[in-house]
Engineer: 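My questions all concern the structure below.
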Number of protein chains: 2
Amino acid sequence: MTEDTFSTIGQMCEEFDVTPRTLRFYESKELLFPKREGSRRLFTRSDRGRLVLILRGKRFGFSLEEIRQLLDLYDIGDQQQTQIARTYSVALERLEAMRAQRAELDDAISELEAQMDHARTILKSRGVGAAA
Amino acid sequence: MTEDTFSTIGQMCEEFDVTPRTLRFYESKELLFPKREGSRRLFTRSDRGRLVLILRGKRFGFSLEEIRQLLDLYDIGDQQQTQIARTYSVALERLEAMRAQRAELDDAISELEAQMDHARTILKSRGVGAAA
DNA sequence: AGTGAAGTTGACGCGAACGTAAGGTCGAAC
DNA sequence: GTTCGACCTTACGTTCGCGTCAACTTCACT
C-alpha cells in the first residue's frame, strides 16, 4: 500500500512539469525530503503532496521560504506544541494576507475591466474592429 | 489648478513609502516620467497615478515590464490604433490571468482555512490555549 | 567491453528589482 | 564662505529561483 509510491526524479519531473534542477533545489532548501537509494533520490507520496503545495504557493507569489514555513502546517504530527503554535500564527498572518490580496485583486479586476471598456469605446469610435 | 501638483522625490518617497532609488529605477525603466528642473526631478499628478498602479501591480506579482505595458492602457490619448489594439490584447491576457489567479486564490484560502481548523482541533485536543 | 540513458554533485551564470556606497552639485542658512 | 540637507549620477553588490555546463557514476543492454 505504501509501496510503489516512490518515484524517481524523472518521473516527478514528468508528472509535475518541472526540471530535475528544480527538485534538487527544493531539496536543498528543505522543501522536499526524498529518501535515498544509494545516491539516487526516491520521492515519496509526502513529497508529491508537498510539491503540489509548493507550486500552488508559487502562483500566489509566495517566496520559497514562506512556503517552507507554511508546509510545516501540513506536517503536524510529532512536533512540539510551541512549534505548532508558532506555525499556526505564521499561517494566520498568511491567511490574512491572502484575504487582503483577494480583496485587492477583486478591485484590480474591476478597474481593469472598466479600463478595457473605456478602450473598447475608443476603438469603436475610431472604427477599429479589434474589440470582442 | 495644475500647479503645485509637482512633487520632489523626497515628497514622493514619503507619500508612497518607497526609496529614491526605487523612483529613479522606475524612471529608468520608463514607468515614470518626471519633469526636470535643472537636474532635479519633479513628479507630476500623472506620475503619482502611475505609481499607485505600479505598486498595486507589484502586489499581484506582475513584473515591471508587464506593468509598463498595462500602464499604457491608462494613457490612451494620442496613440496609434495598432498600439492601442496591441495593448488591449495584452490587457485581455492579463485579465484572464487575474481571474484565474482569483479562482486559485479562493481555493487556496479555503484549503488553508481547512488546515487551520485541523490545526486548531489538534491544539485543543492537546489542551493548548493558543487558538482564537 | 562498450554504449546510452538516467542519475549524481559542484560551481558558475543570469534577469529582476532594487540596495548601497562614493563622489559631485546646488541653494538656503549660519 | 562654508556648512548642511536634499538632490544628482555612476556603478558595483545582493537576493531569489532556478538554468546551464562540467565531470563523474550506475545500471541496463547489446
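If you're wondering where the values come from, they're calculated on a predicted model, not measured in any experiment. Each chain gets a letter, A, B and so on, in the order the sequences are listed, and its residues count up from 1.
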Engineer: Report, as yes or no, whether the 6.0 Å neighbourhood of atom CD on B/E14 holds more than 12 heavy atoms from other residues, nucleotides or ligands.
Structural biologist: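 Counting other residues, nucleotides and ligands, CD of B/E14 stays at 12 neighbours or fewer.
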Engineer: Give the rounded distance in Å between these two atoms: CG of B/L31 and C1' of C/dC18.
Structural biologist: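 Between C1' of C/dC18 and CG of B/L31: 13 Å.
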Engineer: What's the NZ-C1' distance between B/K35 and D/dC8, to the nearest Å?
Structural biologist: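 Nearest whole value for this atom pair: 19 Å.
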Engineer: Can a donor-acceptor pair be found, under 3.5 Å and without considering hydrogens, that links the side chain of B/R56 to the backbone of A/E104?
Structural biologist: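 No.
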Engineer: Show the numbers, then the answer: is there a side chain to side chain contact (heavy atoms under 4.5 Å, CB included) between A/Q101 and B/Q101?
Structural biologist: CA-CA 11 Å; A/Q101 184 172 348; B/Q101 183 172 349; 3.5 Å; yes
Engineer: So, is A/Y26 near the phosphate of D/dG17, with a side-chain N or O under 4.0 Å from OP1 or OP2?
Structural biologist: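 For D/dG17, OP1/OP2 do not have a side-chain N/O of A/Y26 under 4.0 Å.
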Engineer: Would you be so kind as to tabulate the donor-acceptor pairs closer than 3.5 Å made by side chains of residues 16-26 of chain A, with sequence neighbours excluded?
Structural biologist:
unit_1	atom_1	unit_2	atom_2	d
A/T19	OG1	A/T22	N	3.2
A/T19	OG1	A/T22	OG1	2.9

Engineer: Output the rounded distance in Å from CG (A/L55) to P (D/dG17).
Structural biologist: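 In whole Å, D/dG17 P and A/L55 CG are 13 Å from each other.
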Engineer: Are OP1 or OP2 of C/dG19 and a side-chain N or O of B/T22 less than 4.0 angstrom apart?
Structural biologist: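 True: B/T22 side-chain N/O within range (under 4.0 Å) of C/dG19 OP1/OP2.
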Engineer: Expressed in angstrom and rounded to an integer, what is the separation of A/F25 atom CZ from C/dA11 atom P?
Structural biologist: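 After rounding, the gap between these two atoms is 16 Å.
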Engineer: I'd like a table of atom pairs between the protein and nucleotides 6-10 of chain C - only N or O on both sides, under 3.5 Å - with the distance next to each one.
Structural biologist:
unit_1	atom_1	unit_2	atom_2	d
C/dG7	OP1	A/T8	OG1	3.2
C/dG7	OP1	A/G10	N	2.9
C/dG7	O4'	A/R40	NH2	3.2
C/dT8	OP1	A/R41	N	2.8
C/dT8	OP1	A/R41	NH1	2.9
C/dT8	OP2	A/R24	NE	3.2
C/dT8	OP2	A/R24	NH2	2.8
C/dT8	O5'	A/R41	NH1	3.1
C/dT9	OP1	A/R36	NH1	3.3
C/dT9	OP1	A/R36	NH2	3.3
C/dT9	OP1	A/R41	NH2	3.4
C/dT9	OP2	A/R41	NH1	2.9
C/dT9	OP2	A/R41	NH2	2.5

Engineer: Quickly work out the A/K29 NZ to D/dC18 P distance and round it to whole Å.
Structural biologist: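 After rounding, the gap between these two atoms is 10 Å.
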Engineer: Just to verify, what does B/D107 make a salt bridge (charged side-chain N to carboxylate O under 4.0 Å, His left out) with, not counting sequence neighbours?
Structural biologist: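 Checked B/D107 against salt bridge (charged side-chain N to carboxylate O under 4.0 Å, His left out); zero matches.
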Engineer: Within the pair B/T19 and C/dG19, is there a side-chain N or O less than 4.0 Å away from OP1 or OP2?
Structural biologist: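 Answer yes for this pair, as a side-chain N or O of B/T19 is under 4.0 Å from OP1 or OP2.
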Engineer: Give a yes or no on this: more than 12 heavy atoms of other residues, nucleotides or ligands lie within 6.0 Å of atom CD of B/E96.
Structural biologist: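 More than 12 heavy atoms, drawn from other residues, nucleotides or ligands, come within 6.0 Å of this atom.
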Engineer: Do other residues, nucleotides or ligands put more than 12 heavy atoms under 6.0 Å from B/E111 CD?
Structural biologist: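 Yes, enclosed.
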Engineer: Whole angstroms only, please: what is the CD-P distance between A/E65 and D/dG17?
Structural biologist: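 The answer, rounded to whole Å, is 9 Å.
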Engineer: What is the distance, to the nearest angstrom, from the CG atom on B/L23 to the P atom on D/dA6?
Structural biologist: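 Roughly 16 Å, once rounded to whole Å.
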Engineer: Roughly how many Å is it from CG in B/L32 to P in C/dC18, rounded to a whole number?
Structural biologist: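 Answer to the nearest Å: 11 Å.
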